Amino acid sequence: MVKLMLALDVMDKNKALTMVDEISKYIDAIKIGYPLVLSSGLDIVKEIKDKTNKEVICDFKVADIPSTNEKIAKLTLNYADGIICHGFVGRDSVEAIQKIAKQYEIKTHHKKKVIMVTEMSHPGAVEFMQPIADKLAEVAKILNVDGIVAPSTRPERLTKIKKIVGNIPIISPGIGAQGGELNAVLDILGEDDYIIVGRAIYKSENPKESAYKYSMLLKGHNG
Ligand code: O7M
């Protein structure tokens with residue numbers, strides 16, 4: 001079954017904690033990014049992990065030299081189950097994060113995912129990212145990363161990128177607020193893949209109902 005990852009981009013700690021309390025039973029994973037961490041501190045990652053016991057992925061879109069990437073990965077993977085990085089900075093930068101993930105895996109016996117962005121979902125991504133996205137997908141395959149990010153806003157690109165990465169799980173944002181069509185995307189994605197939904201859940205009038213609705217649509221599509 002395609003899984004549901006909540007993009008928890010609220011900028012208030014209490015709101016975030018209340019939100020996950022209400023809806024965590026309807027979601028499979030939680031993505032925490034700069035809006036929440038910069039407003040609440042990195043400890044929010046541990047707090048949400050402890051509270052929900054869901055898969056928690058930090059979306060820091062890490063894009064630095066290997067040595068700095070290592071430091072960011074060390075701090076992040078201490079509590080998070082995974083970290084999202086950019087691939088356009090080169091494979092050595094991604095490998096630096098993979099090295100830290102492996103170290104944590106050996107130490108904790110828990111999987112630590114390294115997820116790489118290929119093509120982003122917003123309109124501007126066609127300018128610089130799309131022309132190199134197929135190549136980034138090939139690199140993701142060579143590096144055997146644990147997931148790649150590809151757009152729900154462009155089903156034809158999602159199809160192409162999925163074909164390149166094969167069995168590497170896809171994490172796909174763009175459904176809801178960015179206009180991506182759930183049904184079109186569900187025809188492409190498989191059981192190891194995720195859709196990311198943010199505002200269509202946390203900004204809706206009734207986040208619990210909205211999360212429930214998405215979870216049912218995913219279940220329904222998979223029979
Ligand atoms: O459903 P939304 O539009 O409110 O939120 C989508 C989330 O996915 C939000 O956290 C974005 O930062 C993220 N995202 C994209 O929207 N597009 C991308 O191409 C990539 C991401 C992302 O998660 O990258 C790792």
Side-chain angles (χ1 to χ4, degrees), residues 2-11 15-16 19-20 23 26-40 44-45 48 55-63 69 72-73 76 80-89 93-94 97 113-134 136-137 140 145-158 160-162 165 168-182 185 189 193-205 207 210-211 213-215 217-218:
V2 174
K3 297 188 268 279
L4 178 57
M5 183 180 288
L6 171 71
L8 191 54
D9 293 331
V10 297
M11 298 200 284
K15 199 168 172 188
M19 184 77 59
V20 293
I23 68 172
Y26 302 123
I27 60 179
D28 301 290
I30 300 168
K31 185 175 79 72
I32 298 178
Y34 293 118
L36 185 55
V37 163
L38 294 179
S39 59
S40 310
I44 190 73
V45 176
I48 285 179
E55 181 175 36
V56 173
I57 303 293
C58 278
D59 175 11
F60 295 155
K61 296 191 182 69
V62 188
N69 273 9
I72 297 167
T76 305
D81 301 301
I83 183 166
I84 297 176
C85 66
H86 271 301
F88 67 78
V89 273
S93 290
V94 179
I97 298 174
K113 294 184 178 177
V114 179
I115 298 164
M116 208 187 101
V117 178
T118 58
E119 179 174 324
M120 294 184 72
S121 58
H122 62 306
V126 302
E127 196 177 4
F128 299 117
M129 295 201 82
Q130 195 176 78
I132 59 161
D134 292 1
L136 288 174
V145 295
D146 304 295
I148 61 116
V149 177
S152 278
T153 46
R154 289 179 218 101
E156 73 292 352
R157 293 292 303 145
L158 190 57
K160 176 84 194 290
I161 291 168
K162 186 167 177 65
V165 297
I168 293 181
I170 292 188
I171 290 142
S172 189
I175 299 294
Q178 297 179 51
E181 293 281 341
L182 184 63
V185 167
L189 297 179
D193 301 327
Y194 297 73
I195 56 161
I196 299 173
V197 182
R199 285 165 287 176
I201 293 178
Y202 70 75
K203 273 192 110 173
S204 80
E205 233 166 75
S210 176
K213 187 192 84 188
Y214 276 106
S215 74
L217 289 170
L218 294 183

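Whatever order the structure lists ligands and atoms in, that order sets their numbers, starting from 1. Predicted model only: the values in this text are computed from it and were never measured.
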More than 12 heavy atoms of other residues, nucleotides or ligands under 6.0 Å from OH of Y34: is that the case? yes
Those atoms of ligand 1 less than 4.0 Å from some heavy atom in [X]:
{"X": "A7", "result": "7 (C), 10 (O)"}
{"X": "I196", "result": "7 (C), 8 (O), 23 (O)"}
{"X": "S121", "result": "15 (C), 16 (O), 17 (N), 18 (C), 19 (O)"}
{"X": "V149", "result": "20 (C), 24 (O), 25 (C)"}
{"X": "D9", "result": "9 (C), 10 (O)"}
{"X": "I84", "result": "25 (C)"}

Salt-bridged, E55 to K3, with N to O below 4.0 Å? no
Compare all side-chain heavy atoms of E119 with those of K160 and state whether any distance is below 4.5 angstrom. no
Around [atom], find the nearest protein heavy atom and jot down its residue, atom name and distance.
{"atom": "atom 21 (C) of ligand 1", "result": "P173 CG, 3.6 Å"}
{"atom": "atom 12 (O) of ligand 1", "result": "K61 NZ, 3.7 Å"}
{"atom": "atom 1 (O) of ligand 1", "result": "G198 N, 2.8 Å"}
{"atom": "atom 6 (C) of ligand 1", "result": "Q178 NE2, 3.6 Å"}

Going by heavy-atom distance to atom 23 (O) of ligand 1, choose the closest among R199, M116, K31, H86. K31
Assess, by modelled atom type and distance only, whether the side chains of T153 and Q178 contain a donor and an acceptor separated by less than 3.5 Å. no
Can you check whether [X] has an N/O within less than 3.5 Å of an N/O in ligand 1?
{"X": "E119", "answer": "no"}
{"X": "Y202", "answer": "no"}
{"X": "H122", "answer": "no"}

In sequence, state the C-alpha distance, the side-chain angles, and the governing distance for V126 and R154, and then conclude on side-chain contact (heavy atoms from CB on, under 4.5 Å). CA-CA 10 Å; V126 302; R154 289 179 218 101; 3.7 Å; yes
Candidate list I32, V45, I83, test side chain to side chain contact (heavy atoms under 4.5 Å, CB included), partner T76, passing option: I83
Just to verify, which of L217, L189, I171, D28 counts as forming a side chain to side chain contact (heavy atoms under 4.5 Å, CB included) with I195? L189
For S152, does its backbone N or O pair with a side-chain atom of S172 as donor and acceptor, under 3.5 Å? yes
Is S39 reaching over with its side chain to a backbone N or O of L36, donor-acceptor style, under 3.5 angstrom? yes
